[in-house]
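Below: one structure, written as structure tokens.
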Amino acid sequence: MSLQTPTKIRMLQRKLYLKAKEEPTYRFYLLYDKIYREDILAFTYELAKSNKGAPGVGRAELRGDRVTGFEGVARWHQK
């Protein structure tokens, strides 16, 4: 199963990509506010759930006994 990336997230990815290409020495120090947006967290949770929680590129796993549902992910990131 493949999920389509939402337009708002795709636009953010494109803007970050263009900024990095235009200014190779630019440092993205404040990405947390963008990565921890509710729409991005919800989409990444759905991706992990569709992958049955298997490790991805970062080798991180989604384990049902630790985090349950999107609300659990959001609470975990707010700590």
Side-chain angles (χ1 to χ4, degrees):
M1 177 178 148
S2 177
L3 295 175
Q4 183 71 26
T5 304
T7 304
K8 286 178 75 174
I9 294 175
R10 191 70 194 118
M11 287 172 45
L12 174 62
Q13 289 173 330
R14 184 74 180 154
K15 286 179 185 178
L16 292 173
Y17 168 79
L18 291 174
K19 180 71 172 178
K21 287 295 180 182
E22 289 171 4
E23 298 181 45
T25 59
Y26 185 81
R27 297 292 173 241
F28 294 91
Y29 292 111
L30 300 174
L31 286 179
Y32 285 106
D33 64 327
K34 298 181 181 27
I35 294 171
Y36 291 146
R37 286 184 354 200
E38 188 172 331
D39 60 332
I40 292 177
L41 290 175
F43 180 67
T44 55
Y45 176 76
E46 290 301 320
L47 281 176
K49 198 165 80 172
S50 72
N51 197 23
K52 295 182 177 60
V57 175
R59 307 304 303 160
E61 293 180 356
L62 177 65
R63 294 183 183 200
D65 59 333
R66 291 196 182 164
V67 177
T68 58
F70 166 69
E71 293 79 17
V73 173
R75 277 194 309 274
W76 181 79
H77 281 290
Q78 289 174 354
K79 289 182 181 180

- Task: Find the distance between CG (Leu47) and OG1 (Thr5) and round it off to the nearest 0.5 Å.
- Result: 7.0 Å
- Considering residues, nucleotides and ligands other than Phe28, do more than 12 of their heavy atoms fall under 6.0 Å from its CZ? yes
- Met11, Ile35: one ILVMFWY side-chain cluster at the under-4.5 Å cut-off? no
- Note on the structure: Leu16 and Leu31 have their tightest heavy-atom pair at CD2-CD2, 3.9 Å
- Task: Under the side-chain hydrogen bond (donor to acceptor under 3.5 Å, both in side chains) rule, collect the residues that match up with Lys19, sequence neighbours excluded.
- Result: Glu23
- More than 12 non-hydrogen atoms from neighbouring residues, nucleotides or ligands closer than 6.0 Å to CG on Leu30, yes or no? no
- Message: To the closest 0.5 Å, what do you measure between OG1 (Thr7) and CG (Leu12)?
- Response: 12.5 Å
- So how far is it from Gln4 CD to Arg10 CZ, rounded to the nearest 0.5 Å? 9.5 Å
